[in-house]
Amino acid sequence: MSNANLLQLTNNDVWTIQDAYEGTLILGGNGSGKTSASGKDIAKAFLKKGFGGLVMTVKVDEARLWQRYAEETGRGRDIVLVQPGATAALNFLDYEATRSGAGAGLTHELVNVLQIALDGGRERGSSENPFWEDSVAQLLTNSIDISLMATGSVSLPKIVSIIRTAPLSPQDAATLSYDLPRREAIMASKGFVWADSSECAKFLTQAFENTKGSERSADFRETYEFFIREWAQLDTRTRSNIVATLMSRLSGLLRSPFRQLFSEKTTAPPDITFDGKIVVLNLPVKEFGEVGRYAQVLYKTIWQRAVERRGSHGRPVFLWADEAQFFVTKYDMLFQQTARSSRAASVYLTQSVVNFRAALDSGNSVNISDSLLGTLQTKVFHANACPLTNEYSERLHGAELQSVGNMSLGAGGVSGGFQRMMLPILPAVKFSSLRKGGSANNRIVDAYIYQAGRIWKGNDGKHNKNWLVTSFHQDR
Ligand SMILES: Nc1ncnc2c1ncn2[C@@H]1O[C@H](COP(=O)(O)OP(=O)(O)O)[C@@H](O)[C@H]1O
Ligand SMILES: [Mg+2]
């Protein structure tokens with residue numbers, strides 16, 4: 001095999017690194033052989049070629065599986081586990097804020113990253129309300145800005161304490177401009193002075209001092225107005241809804257082990273994958289639930305942005321998402337559009353196209369799932385009982401004129417002939433008879449492979465079809 005080849009599918013058909021950059025989707029029912037057959041072969045091919053990579057996990061034994069793949073391909077020492085108690089960690093806000101090249105648009109970028117990640121961690125099926133999204137973004141923007149202006153840095157604990165102690169009424173807000181005797185009088189009568197007990201107020205005061213006379217003072221003014229006027233005057237219910245929406249997503253990240261892994265040190269930035277490390281996010285959704293999921297989505301988003309920034313040079317990298325319905329975001333679609341030039345190979349494994357639709361499309365918004373499905377150029381179809389997935393594949397392969405024999409018994413006896421008809425090239429029913437591995441099948445797993453615009457030659461060189469059925473072998 002030449003250096004760019006990853007899989008030899010037939011004597012005449014190879015699947016190359018360039019093909020891998022164009023994205024891969026492996027579909028198949030539960031137990032159809034996605035993980036142990038086609039997935040395993042692609043994973044090991046990446047490792048053998050020296051790819052760096054990022055692995056998301058849903059099942060508890062996935063990290064062990066990757067450790068084994070890595071050992072079997074001589075890459076054992078390249079595995080970096082992000083897991084409770086490990087030293088590998090990413091303070092994602094600090095990483096984004098301090099990386100070189102981060103400039104004036106920093107706050108906006110940070111809000112963007114958080115929104116993508118928190119969106120990815122959204123309770124599936126919950127209705128989308130753009131008002132909350134906008135207000136949440138506004139609150140985040142101002143909290144990040146005030147943290148940057150007051151302390152020159154930003155962290156999740158800081159943002160959260162600003163949000164938790166923001167003024168709850170115009171009376172609260174007004175205390176910031178009161179002199180000391182007046183504050184003491186309020187303290188004596190009410191027992192509480194917002195300006196003296198609020199982290200938000202302290203950050204505002206510090207930010208004012210820091211930006212006085214500089215070009216940032218106009219930015220400070222904006223942020224000040226937001227907290228002191230707009231926020232303090234919001235209807236109580238509206239305000240607490242916004243805070244609740246945001247906190248339900250952020251607070252999980254502040255608890256162990258997530259706080260230590262994502263808000264303290266940075267020892268495992270995405271950049272280590274460019275040197276050949278394979279970062280395994282061993283926070284499996286089956287064990288850590290929702291927060292495990294959006295913590296992984298967060299790391300993935302930061303990683304994708306880092307991959308895009310590094311330009312068109314460097315070591316190939318891969319993104320691995322088994323049970324991908326837990327991790328897909330609309331950013332995946334954007335990322336895939338430039339993946340070839342950033343030398344990034346993404347592989348998504350999932351049961352059905354329905355899973356992607358449920359994860360990505362809410363209400364009547366744009367059809368993100370179809371766009372993502374469309375951008376992943378190689379599709380591997382394993383045995384599947386999902387009619388929608390099988391119909392999807394049928395449609396993808398198209399129809400062609402076929403001769404169909406017919407025979408009928410009429411008054412004149414048996415008559416018959418041939419009729420030319422447009423029929424599916426690969427009827428949906430084909431996907432129900434593929435082998436699923438296991439000892440009953442001698443560990444053999446079948447799958448159809450489709451690649452947009454590609455005609456497969458087959459072992460004899462004469463196949464010339466847009467479908468190819470291949471067999472994969474499970475490990476002993
Ligand atoms: N190395 C192996 N040898 C034999 N059978 C296996 C092996 N690995 C998995 N299996 C079995 O093969 C089937 C396919 O497994 P798997 O690849 O995990 O399916 P999927 O990822 O599509 O859910 C399952 O019945 C599983 O128990
Ligand atoms: Mg699997």
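Counting starts at 1 for both ligands and their atoms, following the listed order. Positions are given from 1, in the same order as the sequence printed here.
Around the Mg ion (ligand 2), protein atoms of type N, O or S found under 2.8 Å number 1.
Side-chain contact check for F335 versus E308: some heavy-atom pair is nearer than 4.5 Å. Using a 4.5 Å heavy-atom threshold, the side chains of I79 and R75 count as separate. Two residues are said to be in side-chain contact when any heavy atoms from C-beta on lie closer than 4.5 Å; L426 and F381 fail this criterion. Two residues are said to be in side-chain contact when any heavy atoms from C-beta on lie closer than 4.5 Å; V82 and L90 fail this criterion.
Sequence neighbours left out, the pairs with a member in residues 381-391 that pass side chain to side chain donor-acceptor pair (under 3.5 Å) are S38-H382. Residue pairs meeting the salt bridge (Lys or Arg N to Asp or Glu O under 4.0 Å) criterion with at least one member in residues 417-441, sequence neighbours excluded, are R435-D446.
Between Y448 and H397, the ring planes lie perpendicular to each other; the angle is over 60°, past the 30° to 60° tilted range.
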I would like to know whether K40 and T35 meet side chain to side chain donor-acceptor pair (under 3.5 Å); could you show each step before the answer?
-> CA-CA 6 Å; K40 178 260 298 171; T35 304; over 6 Å; no
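No salt bridge links R310 with D271; every basic N to acidic carboxylate O contact stays at or beyond 4.0 Å.
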Any protein N or O within less than 3.5 Å of an N or O in ligand 1? List each pair with its distance, or say none.
{"unit_1": "ligand 1", "atom_1": "1 (N)", "unit_2": "D475", "atom_2": "O", "d": "2.6"}
{"unit_1": "ligand 1", "atom_1": "5 (N)", "unit_2": "Q474", "atom_2": "OE1", "d": "3.1"}
{"unit_1": "ligand 1", "atom_1": "10 (N)", "unit_2": "Q474", "atom_2": "NE2", "d": "3.3"}
{"unit_1": "ligand 1", "atom_1": "12 (O)", "unit_2": "Q474", "atom_2": "NE2", "d": "2.8"}
{"unit_1": "ligand 1", "atom_1": "17 (O)", "unit_2": "T35", "atom_2": "N", "d": "3.4"}
{"unit_1": "ligand 1", "atom_1": "17 (O)", "unit_2": "S36", "atom_2": "N", "d": "2.7"}
{"unit_1": "ligand 1", "atom_1": "17 (O)", "unit_2": "S36", "atom_2": "OG", "d": "2.5"}
{"unit_1": "ligand 1", "atom_1": "19 (O)", "unit_2": "G33", "atom_2": "N", "d": "3.1"}
{"unit_1": "ligand 1", "atom_1": "21 (O)", "unit_2": "T35", "atom_2": "N", "d": "2.9"}
{"unit_1": "ligand 1", "atom_1": "21 (O)", "unit_2": "T35", "atom_2": "OG1", "d": "2.7"}
{"unit_1": "ligand 1", "atom_1": "22 (O)", "unit_2": "S32", "atom_2": "N", "d": "3.2"}
{"unit_1": "ligand 1", "atom_1": "22 (O)", "unit_2": "S32", "atom_2": "OG", "d": "3.4"}
{"unit_1": "ligand 1", "atom_1": "22 (O)", "unit_2": "G33", "atom_2": "N", "d": "3.0"}
{"unit_1": "ligand 1", "atom_1": "22 (O)", "unit_2": "K34", "atom_2": "N", "d": "2.8"}
{"unit_1": "ligand 1", "atom_1": "22 (O)", "unit_2": "K34", "atom_2": "NZ", "d": "2.9"}
{"unit_1": "ligand 1", "atom_1": "23 (O)", "unit_2": "G31", "atom_2": "N", "d": "2.7"}

